[in-house]
J.: 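Below: one structure in structure tokens.
Scope of the values below: all heavy atoms of this structure, side chains included, with no hydrogens, waters or symmetry mates. Just so it is clear, the structure is predicted and the values come from calculations on it, not from any experiment.
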Amino acid sequence: MEERIDESMDEVLKKASVLVEALPYIQRFNRKIIVVKYGGSAMTDEGLKRSVIEDVTLLKLVGFKPIIVHGGGKEISRWVAKSGMEPKFINGLRVTDDATMEIAEMVLNKVNKSLVQLVEQLGVRAVGVSGKDGGMLKVEKKYADGEDIGFVGDVKEVCPKILYDLLEKDFLPIVAPIGMDDNYQTYNINADDAACAIARAVSAEKLAFLTDIEGVYRNPDDKSTLISELPVSEAKNLIDNGYIGGGMLPKLHNCIDAIDNGVSRVHILDGRIAHCLLLEIFTNKGIGTAILGDKETKYYHEETGMDPENGTDSSAHV
């Protein structure tokens, strides 16, 4: 019995130490805006979906100001196929004709409201909007290496007023990546691009991409080369030297663009890991890749490399 009590107390103390470890991060980011781009497997696995929403609602409840920007590519492809159409891609970008755009907007709005429902179930007030609402996302037509891919847009301007209004009224905004051009034509937007543009517009403290990879590697064939913290200058060197390719290339370009335009840190996380957001934001080690500006100021427990509580080494991954 005494051994069982000791084990129970040990578990309690471990939980307490986790909470203490999270404290400086909660203090540092209280009332700061964090944009979370939600996509990949975390959108299709119901267990992972709930863990992501739990993470974001917890961030909200401890004083952060999260904004979710979600994708829906796999679901759009499924409904396009259901409608008897063949999904078409040029250079990795979906060709979006009138019929596909209609399906995409319906699917993205369906996904949007399902996320609102999950957040509300966890006791946080949420509002789902698209980039069309309040003229939030203004776009121009996007081309794939000069080829017409239909109603796919590049964000040229963000009007964040509706987001600020929702945050001020204590709502959690959930954004579907749909926008309009100057002629009020509807366009589908890559969710990574939309999240990056929104993070820039609201001067977010953090931008987190949930993906189906662990992070950025120096050598993609060697899992031991995962980079925990990546200064922007080094990220640019990796791209220039040909180390980055495939789907990571546009994502890393988005990360660099966000940092160059005022976002403090960008995180690339493996959304297949339950509660990856909490692990990255609230623990010293972190689990993904954090991309930061070259001149970003280190926090007090990074400057010395010492834990302020007990004097031990504790280089934070903030």
Side-chain angles (χ1 to χ4, degrees), residues 29 31-39 56 59-60 64-73 93-94 96 101 104-105 108-109 111-113 115-116 119 126-143 149-211 232 250-268 291 293:
F29 299 112
R31 311 307 296 165
K32 298 294 175 62
I33 297 175
I34 293 182
V35 176
V36 178
K37 186 273 172 171
Y38 175 41
V56 177
L59 293 177
K60 176 80 170 62
F64 293 55
K65 291 183 174 182
I67 298 170
I68 295 175
V69 180
H70 66 84
L93 297 172
R94 182 191 306 276
T96 306
M101 185 64 244
E105 187 164 17
L108 287 168
N109 281 319
V111 170
N112 187 276
K113 299 312 175 187
L115 296 178
V116 169
V119 172
V127 173
V129 296
S130 84
K132 293 167 74 171
D133 294 307
M136 186 199 318
L137 297 178
K138 297 181 180 179
V139 306
E140 57 189 8
K141 187 176 179 66
K142 184 186 185 83
Y143 292 87
I149 51 175
F151 298 107
V152 179
D154 266 328
V155 179
K156 70 172 186 175
E157 185 181 346
V158 179
C159 177
K161 185 179 185 304
I162 190 171
L163 297 175
Y164 286 134
D165 288 346
L166 290 171
L167 292 173
E168 183 183 346
K169 299 297 183 183
D170 206 32
F171 288 100
L172 194 164
I174 302 177
V175 182
I178 303 167
M180 295 186 292
D181 66 10
D182 292 338
N183 296 315
Y184 303 99
Q185 169 63 51
T186 301
Y187 283 79
N188 192 17
I189 305 167
N190 176 277
D192 284 0
D193 295 345
C196 185
I198 288 170
R200 292 197 313 262
V202 299
S203 299
E205 191 71 19
K206 285 179 178 288
L207 167 60
F209 289 100
L210 301 188
T211 68
V232 162
K251 197 175 298 290
L252 198 52
H253 275 302
N254 270 328
C255 294
I256 292 169
D257 184 52
I259 294 291
D260 286 345
N261 285 277
V263 177
S264 294
R265 285 205 180 196
V266 182
H267 300 261
I268 297 177
I291 300 166

J.: Tell me the closest heavy-atom pair linking Gly135 and Cys159, and the distance in Å.
T.: O-CB, 3.5 Å
J.: What salt bridge (Lys or Arg N to Asp or Glu O under 4.0 Å) pairs are there with at least one residue in residues 193-203, not counting sequence neighbours?
T.: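 Applying salt bridge (Lys or Arg N to Asp or Glu O under 4.0 Å) to every pair that reaches into residues 193-203, excluding sequence neighbours, yields Lys142-Asp193, Arg200-Asp257.
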J.: Ile268 and Cys255: which non-hydrogen atoms are nearest, and at how many Å?
T.: CD1-SG, 3.8 Å
J.: What pairs of donor and acceptor atoms, side-chain ones from residues 126-134 against any protein atom, are under 3.5 angstrom apart with sequence neighbours left out?
T.:
| from | atom 1 | to | atom 2 | distance (Å) |
| --- | --- | --- | --- | --- |
| Ser130 | OG | Lys132 | N | 3.1 |
| Lys132 | NZ | Glu105 | OE2 | 2.9 |
| Lys132 | NZ | Thr186 | OG1 | 3.0 |
| Asp133 | OD2 | Ser130 | N | 2.8 |

J.: Between Asp192 and Lys37, does any side-chain N to carboxylate O distance fall below 4.0 Å?
T.: yes
J.: Applying ring pair (Phe, Tyr, Trp, His ring centres under 6.0 Å), can you list everything that pairs with Tyr187, at least two apart in sequence or on another chain?
T.: Phe151
J.: May I ask you to say whether Lys60 pairs ionically with Asp170, meaning some side-chain N is under 4.0 Å from a carboxylate O?
T.: yes
J.: Please report the shortest heavy-atom distance between Ala197 and Val155, naming the atom on each side.
T.: CB-CG1, 3.7 Å
J.: With side chains defined as the heavy atoms from C-beta onward, is the minimum distance between Val175 and Leu163 less than 4.5 Å?
T.: yes
J.: What's the spacing between Glu205 CD and Lys65 NZ if we round to 0.5 Å?
T.: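 Going from CD on Glu205 over to NZ on Lys65, the span is 12.5 Å.
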J.: With a 4.5 Å cut-off on side-chain heavy atoms, are Ile33 and Tyr164 touching?
T.: yes
J.: Rounded to the nearest 0.5 Å, what separates atom NZ in Lys251 from atom CD1 in Ile256?
T.: 13.5 Å
J.: Given side chain to side chain contact (heavy atoms under 4.5 Å, CB included), test His267 with Ile34 step by step and report yes or no.
T.: CA-CA 11 Å; His267 300 261; Ile34 293 182; over 6 Å; no
J.: Is the closest side-chain heavy-atom distance between Val56 and Val119 below 4.5 Å?
T.: no
J.: How far apart are the closest heavy atoms of Asn188 and Ala104, and which atoms are they?
T.: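 For Asn188 versus Ala104, the nearest heavy atoms are ND2-CB, 4.4 Å.
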J.: How far apart are the closest heavy atoms of Gly71 and Val111, and which atoms are they?
T.: O-CG1, 4.1 Å
J.: Contact between Ile291 and Leu252 at the side-chain level, heavy atoms closer than 4.5 Å - yes or no?
T.: yes
J.: Quick check for you: to the nearest 0.5 Å, what is the distance between Ile178 atom CD1 and Asn109 atom CG?
T.: 5.0 Å
J.: Testing Leu172, Leu207, Leu167, Ile174 for side-chain contact (heavy atoms from CB on, under 4.5 Å) with Ile67, which one passes?
T.: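 That would be Leu167; it is the only one of Leu172, Leu207, Leu167, Ile174 passing the side-chain contact (heavy atoms from CB on, under 4.5 Å) with Ile67.
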J.: Once rounded to the nearest 0.5 Å, what's the spacing between atom CG of Leu137 and atom CD1 of Ile189?
T.: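 Answer rounded to 0.5 Å: 4.5 Å.
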J.: I'd like to know if the side chain of Lys141 and the backbone of Gly150 have a donor-acceptor N/O pair within less than 3.5 Å.
T.: yes
J.: Short question: side chain of Asp181, backbone of Asn183 - any donor-acceptor pair under 3.5 Å?
T.: yes
J.: For His70 and Leu108: C-alpha separation, side-chain torsions, deciding distance, then whether side chain to side chain contact (heavy atoms under 4.5 Å, CB included) applies.
T.: CA-CA 8 Å; His70 66 84; Leu108 287 168; 4.2 Å; yes
J.: Determine, stepwise, if the pair Thr96 / Ile149 fulfils side chain to side chain contact (heavy atoms under 4.5 Å, CB included).
T.: CA-CA 6 Å; Thr96 306; Ile149 51 175; over 6 Å; no
J.: Which atom pair, heavy atoms only, marks the closest approach of Ala204 to Val35?
T.: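 Taking every non-hydrogen atom into account, CB-CG2, 4.0 Å.
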J.: Measuring only between side-chain heavy atoms, which start at C-beta, is Pro160 closer than 4.5 Å to Ile198?
T.: no
